[in-house]
Asks: 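This is the structure I have questions about; it appears just below.
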Amino acid sequence: MTADFDGLSDPKAMRALAHPARLQILNRLGVEESATATEVAEIAGITPSAASYHLRMLAKYGFVEDAPPRGDGRERLWRAVGKQLSVGLLPEDQPDVRDAKVALMTAFRREANREADRALANVETEPEEWQDATVFHRTRVKVTAEELARLYKTIQELIEPYAVRRREETGVPDGARVAEVQLNLFPVITRPVPGLPTEDHGLAQRVAAAERAAGEAGEAGEAEGEGS
């Protein structure tokens, strides 16, 4: 699997992105046309000065850029570069690149899990049609590596017309809102076999304890008999 964004082959860029606040900032800018440091700071739960620093780091590695000013132009606006981010391991990756990719993928998964957890925690407050449309689904498939890569490409092609930026270009229908599609394709690793659990509910432990108690009682009786 190759990256859709060239910066994700740079270990420094990937390490810069693998920061919770920066991922939240980038998610916000991926949905909205532009935002100030103060506006993204509220989403990330950090100070505006910290947000400014994170935005400059994201800009340094090409993830965000300056946006056209609004109003009197006194506030600096930022926007995402508008390219999809993806990352995958390649056989030819050097150790530093591989480590940076793993760290970034871990950060992606952590942020994705938090997003899904928030959705699940609030699903009952959603209108009925959005409850019906919310799906958490897993499917096991049997494929070759080439088929799995082709499946990813096919799914991406299906999703692409609905991406936020693309939808804004082609027209957003009434009732549309931001939703998230999470996609993970990976070979299943055999789980370690822990063995069958005991079903005696502690019987063996109780029997052993009773035997010890009986033994101790017998020893005490013998000692008493010897002393009489």
Side-chain angles (χ1 to χ4, degrees), residues 1-5 8 17-36 39-46 51 58 63-64 67 77-89 101 104-189 191:
M1 183 188 304
T2 58
D4 294 328
F5 189 80
L8 294 187
L17 184 56
H19 185 290
R22 291 172 193 169
L23 288 176
Q24 291 173 34
I25 289 171
L26 201 56
N27 285 338
R28 164 70 182 269
L29 293 177
V31 172
E32 307 215 356
E33 221 174 281
S34 62
T36 65
E39 290 167 345
V40 298
E42 294 174 356
I43 294 295
I46 56 179
L58 288 170
F63 296 109
V64 303
L77 290 174
W78 300 87
R79 65 184 179 189
V81 296
K83 292 186 178 180
Q84 182 183 357
L85 304 179
S86 62
V87 60
L89 299 177
K101 284 184 173 181
L104 182 56
M105 287 189 285
T106 300
F108 278 170
R109 288 296 313 135
R110 187 181 299 115
E111 180 62 24
N113 285 339
R114 288 172 179 164
E115 198 72 50
D117 288 344
R118 283 191 293 270
L120 186 57
N122 290 278
V123 67
E124 293 184 358
T125 67
E126 293 286 356
E128 184 175 335
E129 65 270 22
W130 285 101
Q131 291 188 37
D132 291 342
T134 300
V135 178
F136 292 87
H137 177 76
R138 293 173 62 187
T139 298
R140 293 288 176 95
V141 296
K142 184 165 283 190
V143 293
T144 65
E146 292 75 15
E147 289 173 330
L148 191 63
R150 188 163 61 249
L151 180 60
Y152 168 75
K153 184 177 180 181
T154 300
I155 295 172
Q156 284 296 96
E157 290 173 351
L158 290 172
I159 295 171
E160 178 58 27
Y162 302 96
V164 172
R165 294 297 176 86
R166 179 63 63 85
R167 212 78 205 276
E168 290 174 348
E169 294 171 358
T170 58
V172 181
D174 293 339
R177 58 185 281 191
V178 176
E180 179 162 322
V181 177
Q182 296 189 5
L183 177 61
N184 301 289
L185 291 86
F186 53 87
V188 174
I189 305 302
R191 297 183 181 184

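Along the sequence shown, the residues carry numbers beginning at 1. From a predicted model like this one, the values you see are computed outputs, not experimental measurements.
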Asks: Using side chain to side chain contact (heavy atoms under 4.5 Å, CB included) as the criterion, list what pairs up with R140, not counting sequence neighbours.
Replies: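 Once residues adjacent in sequence are excluded, the partners of R140 under the side chain to side chain contact (heavy atoms under 4.5 Å, CB included) criterion are R138, V188.
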Asks: How long is the straight-line distance from NZ of K142 back to CG of L148, given to the nearest 0.5 Å?
Replies: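 Going from CG on L148 over to NZ on K142, the span is 14.0 Å.
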Asks: Of all the heavy-atom pairs spanning A35 and L29, show the shortest one and how long it is.
Replies: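 Smallest heavy-atom distance, with atoms named: CB-CD2, 3.8 Å.
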Asks: What distance separates Y152 OH from N184 CG, expressed to the nearest 0.5 Å?
Replies: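 Going from OH on Y152 over to CG on N184, the span is 10.5 Å.
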Asks: The test is side chain to side chain contact (heavy atoms under 4.5 Å, CB included); show your working for R150 and K153 and say whether it passes.
Replies: CA-CA 5 Å; R150 188 163 61 249; K153 184 177 180 181; 5.6 Å; no
Asks: If every non-hydrogen atom of Q24 is compared with every non-hydrogen atom of E111, which pair is closest and at what distance?
Replies: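 Looking at all heavy atoms of both residues, the closest pair is CG-OE2, 3.8 Å.
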Asks: Using a cut-off of 6.0 Å, state whether more than 12 heavy atoms not belonging to E147 lie near its atom CD.
Replies: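 Enclosed: over 12 neighbouring heavy atoms sit under 6.0 Å from CD of E147.
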Asks: Would one find more than 12 heavy atoms of other residues, nucleotides or ligands at under 6.0 Å from atom CD of E157?
Replies: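 Buried by this count: over 12 neighbours within 6.0 Å.
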Asks: Might you point out which heavy atoms bring L26 and F63 nearest each other, and give the distance in Å?
Replies: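 For L26 and F63, the tightest heavy-atom pair comes out as CD1-O, 3.8 Å.
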Asks: Ignoring hydrogens and angles, tell me if any N or O in the side chain of R28 forms a donor-acceptor pair with the backbone of A44 under 3.5 Å.
Replies: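 No.
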Asks: Can you confirm whether more than 12 heavy atoms, excluding those of R191, are under 6.0 Å from its CZ atom?
Replies: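 Check fails, neighbour count at 12 or below.
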Asks: Locate the shortest heavy-atom distance separating K101 from L89; write the atom from each residue and the value.
Replies: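 Taking every non-hydrogen atom into account, CB-CD2, 3.7 Å.
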Asks: With sequence neighbours left out, what residues match A176 under side chain to side chain contact (heavy atoms under 4.5 Å, CB included)?
Replies: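 Result, side chain to side chain contact (heavy atoms under 4.5 Å, CB included) vs A176: V172, P173.
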Asks: Measure across V87 and M105 and return the closest heavy-atom pair with its distance rounded to 0.1 Å.
Replies: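 Minimum heavy-atom contact is CG1-CG, 3.3 Å.
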Asks: What is the minimum heavy-atom distance between A41 and A51, and which atoms define it?
Replies: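 Residues A41 and A51, closest heavy atoms: CB-CB, 3.7 Å.
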Asks: Check the pair E180 / R118 against salt bridge (Lys or Arg N to Asp or Glu O under 4.0 Å), numbers first and verdict last.
Replies: CA-CA 12 Å; E180 179 162 322; R118 283 191 293 270; over 6 Å; no
Asks: Tell me whether F136 at atom CZ has more than 12 heavy atoms from other residues, nucleotides or ligands lying less than 6.0 Å away.
Replies: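 Enclosed.
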Asks: Just by modelled atom types, is the E126 backbone N or O under 3.5 Å from a matching donor or acceptor in the Q131 side chain?
Replies: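 Confirmed, Q131 side chain pairs with E126 backbone.
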Asks: Working to the nearest 0.5 angstrom, can you tell me the gap between E115 CD and R110 CZ?
Replies: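 Atom-to-atom, E115:CD and R110:CZ are 15.0 Å apart.
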Asks: Sequence neighbours left out, what passes side chain to side chain contact (heavy atoms under 4.5 Å, CB included) with A67? Give chain and number order.
Replies: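 A67 satisfies side chain to side chain contact (heavy atoms under 4.5 Å, CB included) with S34, L77, R79 only.
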Asks: Walk me through it: do L17 and L58 pass the test side chain to side chain contact (heavy atoms under 4.5 Å, CB included)?
Replies: CA-CA 7 Å; L17 184 56; L58 288 170; 3.9 Å; yes
